[in-house]
Structure formats: structure tokens, C-alpha cells
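Letters A, B, ... are given to chains in the order of the sequence lines, protein chains preceding strands, and every chain is numbered from 1. Because only heavy atoms are used, hydrogens play no part in the values below, and waters and symmetry mates are left out as well, while side chains stay in.
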Amino acid sequence: MQDPIVLQNLTKDYGKGFRAVDDLNLVVRKNSFVGFLGPNGAGKTTTIKMLTNLLTVTSGKAFLNGVDVSADAKRALGGVGAVVETPEFYPFLTPNETLQYLGALRGMSKEDVKRRSKAVLETVKMTEWANVRVGKFSKGMKQRIALAQALLHEPTIIILDEPTSGLDPRGMVEVRDVLKELKKQQYTVFMSSHLLNEVQEVCTDVAMIDHGKLLAYDSVSALLSRIDTKKLEVHIANAVVPEAMDKLRSFEGVRLLTIVDERQFFVDFAGSEEMQAELLLKIQGLGNKVVSFKESGVALENLYMSLIKGSG
Amino acid sequence: MAITSTRQLPSDMAQILTVARYDLFKHLRSRRLIAIFVIEVVILALMLALPAILNQPYPDDPAEFVQNLLQFTFTNILIILGATLFAGDAICSEFQNRTGYLVFPNPVKKSSIYLGKFASTALIVFLIVSVWYWAAILIGAGMTGGVSVLAIQSYGLAVLYALAASSVGFLISTILKGSTGALVLTFFLLFMIFPMVDLVGTLGGVEPIPSITYQSGAIDAILTEPYPESFVEYANESIGLPFNIYFFYPSVVSCVGVMLGYVAVCNIIGIILFKRREMVG
């Protein structure tokens with residue numbers, strides 16, 4: 001069985017000696033949902049552009065369903081649906097006409113396009129705009145149509161480049177709902193993002209990249225297990241008592257205690273869930289009226305930040 | 001749901017036709033095409049009314065009638081406008097307007113996209129030239145009672161010139177980054193730069209055979225009977241002519257050859273450059 005996406009020593013040099021992607025090796029297994037994480041300028045979009053034949057490869061190879069993209073882009077992209085950057089649409093076409101156009105290019109019959117257009121426009125909640133010219137659509141609406149066209153031909157591989165980028169909060173939630181829906185189905189999805197919560201929420205695997213090099217690639221659960229310290233955010237109804245805080249610092253698992261204001265503090269904590277439950281009881285035992293006790297930020301964040309710092 | 005993608009990809013030719021069909025939508029729904037048709041109607045109406053206003057008789061000969069009605073200057077401007085508006089930004093707009101991000105990641109060769117777009121442009125400039133010529137030929141038939149073969153031959157050469165000029169536009173649009181620059185360069189190249197080179201060559205006694213704007217002169221020359229031949233008025237101080245003056249007329253054969261050459265060369269280079277062009281930024 002072919003792995004859907006294989007990158008072998010993939011390298012991309014731009015002019016003036018700038019290497020955007022550096023000897024990248026990656027194998028995406030079938031039916032996985034891979035988050036491709038990295039800071040701005042890490043090489044995520046360049047990698048995706050090489051995968052989708054928008055950029056030429058300097059050296060190395062990119063395979064889609066076993067076909068080398070550089071050697072036979074038409075065949076390699078046959079089973080792929082992609083949303084790269086934020087694509088623009090032909091303003092003189094409606095979403096239905098756009099889907100008919102792209103469907104015809106992908107070898108779909110008129111009936112097939114009609115059936116699938118209805119389904120994918122429903123998925124991205126754009127049915128009522130199906131016959132309105134795209135010219136006046138907002139960025140969020142265009143992004144949803146972009147997702148619809150990527151799903152139109154029931155591809156085996158979906159490649160998404162920061163699909164929620166530039167969207168308002170409502171648009172982000174809606175696109176994320178579509179992504180969660182994809183996760184339930186048997187697609188292989190390769191999605192670049194710099195939004196850690198998004199990746200942690202929808203992805204099964206995560207590849208982290210910086211300066212064009214792969215830093216880590218594993219399942220989300222395996223990566224999370226590497227994280228030994230979590231940041232706990234504690235809100236209390238009473239004022240912080242310094243003596244109580246001193247006692248808290250000596251509790252098992254507490255690495256660092258940071259007082260934000262008189263009713264809020266952070267605890268950097270390493271330990272099991274049971275120890276974490278014990279910690280809450282101890283905080284309450286010190287006379288604190290706990291309003292909330294929760295993990296701050298995203299669990300992947302610490303690992304991500306440490307890897308990024310290490311690569312710099 | 002089981003995800004399967006077992007569809008057979010269409011042939012390159014089928015994809016060229018698909019691209020052409022949807023690109024044609026763009027042209028047919030654009031104001032550019034309407035504007036060109038309005039210009040054609042206005043010029044034809046003015047040129048038809050002019051002899052009546054000036055109390056001049058209309059020519060009896062169908063070829064002469066068409067020649068007087070169309071005037072090569074207007075035919076030339078219309079063709080250049082058509083090539084500029086429908087070819088000048090055909091390729092670079094895909095990059096500048098970011099529509100390339102939608103189309104290029106599909107299983108379709110860039111050469112198919114290029115050829116599909118060129119086919120739709122060719123059809124549009126053919127339509128522009130056809131409306132222009134057939135309106136004149138039919139009006140001429142009504143006024144003179146006949147249709148000239150020369151007018152139809154001139155129409156054929158005008159179509160060929162429109163295709164060659166569009167090929168130049170396509171080449172420019174694969175080279176330049178921005179639509180505005182490509183449109184301006186296409187227009188001025190065909191309207192001013194090539195004709196200036198033609199003029200310099202002619203003044204120096206060199207027939208500018210490789211120039212499409214020079215060769216486009218055959219569109220008008222073919223309507224004249226007999227077909228004009230190149231000649232020289234030699235320097236003759238007694239009549240105040242200190243240098244030779246050259247009058248060159250392109251032959252129909254050289255016109256067809258050069259136009260076809262431009263179509264082939266510009267599009268081959270255009271396809272190569274388009275295939276190598278990357279979607280950066």
C-alpha cells in the first residue's frame with residue numbers, strides 16, 4: 001500500500017541563497033489528519049506549494065499517492081483536493097459554475113458535479129449563495145467555497161494551507177467544524193497551521209517545522225506525553241495570602257508559582273492527574289476559595305516553544 | 001464514508017476545451033467586449049454617414065467600398081485593442097489576482113491552461129474582426145450589389161493579424177508580473193514601438209519584413225487593384241529630394257508567413273515561460 005504523501009529530502013532554495021525548505025523527510029500515513037506546525041516563515045507554505053506543483057522543487061522528491069509531483073503533476077494531483085493560501089475566485093462565475101469548471105477539469109460528469117456540488121455546498125453552509133457571482137463574497141465565504149472545491153471530487157488526499165487564516169472568529173469556528181467533519185471521514189488530511197489549539201483539536205498527528213527543517217513528527221498523544229510540565233491557572237475569590245503561597249511552592253510537583261494579581265496565580269506543575277487533583281485540595285486547604293482551576297493555554301504550546309527555541 | 005477517487009482524468013484536449021469554455025464566459029460577461037462592439041458600431045455609423053454629409057458619392061466597387069468604410073487605421077486600432085484587452089493580461093492576471101491558487105493545484109497541465117485561454121481569446125478576437133468586416137461587407141453588398149473576394153481575403157488576413165497580435169499579448173502576459181504593465185506594454189508595442197521600428201527601417205531602405213505591424217499592411221493593400229508594389233523615389237536635387245524615399249508593401253505570402261510565425265514562436269515561448277513560472281507570494 002502506498003503512503004498518500006511522501007517527502008524525500010525535499011529542498012527549496014529561493015534566490016540570494018535563502019533555503020526555505022531544507023532536506024525535509026516526511027511520510028503521511030493513510031487516513032491520518034496531520035497538522036503541519038511552524039512559525040511564520042518556517043517553510044510550511046513552501047512545502048505545500050511544492051506538493052501542489054505551485055513551486056518547482058530544488059532537490060528531493062514529493063510523492064502523492066506514489067506519483068512524483070515533479071515528474072507527472074497531472075497524475076499526482078488527480079486524487080488531491082487543495083486549498084493553498086487564500087485563493088481568489090473568478091468574480092464572473094457563481095460557486096456552482098466554479099464547481100462545474102473544476103469538476104470538469106477533474107473528469108467529473110455533469111450529474112456527478114451537480115450531486116457533489118449540492119453536498120459540499122451544504123457542508124460549508126453556502127447553499128443559499130450557490131448561484132450568486134463570487135465577486136462580492138467576503139473572505140470567509142470565499143474560504144468556504146475553497147474548501148468546497150477541495151472536497152468536490154472526493155479526493156483521497158486533502159491539503160490545506162492555514163484554512164482559518166484571515167477569518168473572523170465566527171468564520172474560524174465554521175471552518176473548524178468542517179475540519180472536524182473531515183476527521184470523521186476517511187480522508188488523509190495534511191494541514192498547515194500556526195494555531196496550536198486548532199491542531200490539537202482536530203489533528204491525529206503533528207509535524208513541527210522551523211527554518212525548513214523537521215523538528216518533530218508524531219501522533220498528538222505521543223507528543224503530549226513528552227510534555228512533563230503544564231501551566232495551571234488559578235482564580236480565587238479571596239486575596240492571595242503570601243504565606244499560603246510560600247507553602248504552595250513546597251508542594252510536590254510544583255515547579256514555579258507566578259502571582260498575577262491578588263486573585264489570580266499560575267502554577268507550573270509536573271505530575272499525574274491524581275497529583276493535580278491533590279494539588280487543588282491543598283490549595284483549598286490553605287484557605288483559598290477557588291473559583292476556577294484549569295490548564296492555561298494549549299498543551300502543545302510548551303513543546304512547540306521549546307522545539308522552536310532549540311532550532312533557532 | 002469510504003473515500004474513493006477512481007475517476008479517469010480527462011485528456012489534455014478535453015481540458016483545453018474546458019478552460020477555453022470557462023474563459024470565454026469571462027470575456028462574454030466582461031464590459032471590455034461590449035465596449036469594443038460599441039466602438040465598432042459608432043465608427044461604422046460615422047464612416048457610413050460621412051460621404052452623405054460631405055455630398056460625396058459612395059464607391060461602386062465592393063472592395064473599394066469596404067476599404068473606404070473600414071479604413072485600415074480603424075481596423076488596426078480595433079485589432080490592437082482586442083489583443084490588448086483579451087490577451088495582454090490573460091496569464092499574469094492568474095498570478096496577480098491569485099486565481100492561480102484555485103486552478104493550478106488541479107490535475108491539469110499548465111500548457112493546457114495556456115492553450116485553453118489562448119483558444120478563448122482567439123475566438124473573441126475572431127468575433128471582433130468578423131463583426132467589423134461582415135458588417136462592412138454586408139452593407140457594401142446592399143449599396144453596391146456585390147461582394148468582393150478581395151474584401152474576404154482582407155478579412156482573412158485581419159483575422160490572422162488579430163491572432164498574431166494576441167500571441168504577442170500572451171507572450172508579454174507570461175513575462176510581466178502585473179496586469180496594468182502587460183496591458184500597457186502590449187498596446188504600445190503594437191501601436192507605437194513596432195510601427196516606429198518599421199518607419200526607421202523604411203527610412204533606411206530596409207524592408208521591415210519580420211515586423212507584424214509592417215506585414216499587417218497587406219490587410220489594406222489587398223483591397224487595392226492592382227496589388228501595390230514596393231518602389232523607390234531616388235534622390236534628385238533638381239526636385240528637392242536629397243535622399244531616397246522607399247515605399248514598401250508586404251506581399252500576401254510574407255504577411256501570412258510572418259503572422260503564422262508570430263503565432264507559433266510567441267506561443268511556444270509563452271508556454272515554456274508559463275510552465276517555469278512559480279506561484280510565489
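Interatomic distance, B:R98 CZ to A:K142 NZ, rounded to the nearest 0.5 Å: 10.5 Å. The CG atom of A:L105 lies 7.5 Å from the CD1 atom of B:I113; values are rounded to the nearest 0.5 Å. Atom CG of B:N106 sits about 7.0 Å away from atom NE2 of A:H153, to the nearest 0.5 Å. The CG atom of A:L77 sits 13.0 Å away from atom NZ of B:K109, with the distance rounded to the nearest 0.5 Å.
Heavy atoms closer than 4.5 Å to chain B are found in the side chain of A:T98, but not in its backbone.
Listed here is the closest heavy atom pair of B:F25 and A:L93: CD1-CD2, 3.8 Å. Closest non-hydrogen pair, A:K74 versus B:S11, comes out as NZ-C, 3.7 Å. The minimum heavy-atom distance linking A:A104 with B:P10 is given by the pair O-CG, 3.4 Å.
Considering only heavy atoms from C-beta on, B:M279 stays 4.5 Å or farther from A:V84 through its side chain.
Only one option out of A:Y90, A:F92, A:Y101 pairs with B:Y22 in a side-chain contact (heavy atoms from CB on, under 4.5 Å); it is A:Y101.
By the 6.0 Å contact criterion, CZ on A:F137 is enclosed, its count of non-hydrogen atoms from other residues, nucleotides or ligands being greater than 12. The number of heavy atoms from other shown groups lying within 6.0 Å of CZ (B:F188) does not exceed 12.
No donor-acceptor pair closer than 3.5 Å links the side chain of A:E88 to the backbone N or O of B:T99.
For the set A:G107, A:G81, A:A150, the entry with the most heavy-atom pairs within less than 4.5 Å of chain B is A:G107. Note on A:Q149, A:R75, A:M108: by heavy-atom pairs under 4.5 Å with chain B, the leading option is A:M108. Between chain B and the options A:K49, A:E85, A:Q100, A:E97, the largest number of non-hydrogen pairs under 4.5 Å is found for A:E85. When each of A:D112, A:N31, A:T45, A:V83 is checked for heavy-atom pairs under 4.5 Å with chain B, A:D112 comes out on top.
Within residues 51-61 of chain A, the residues having any heavy atom less than 4.5 Å from a heavy atom of chain B are, in residue-number order, A:T52, A:L54, A:L55, A:T56.
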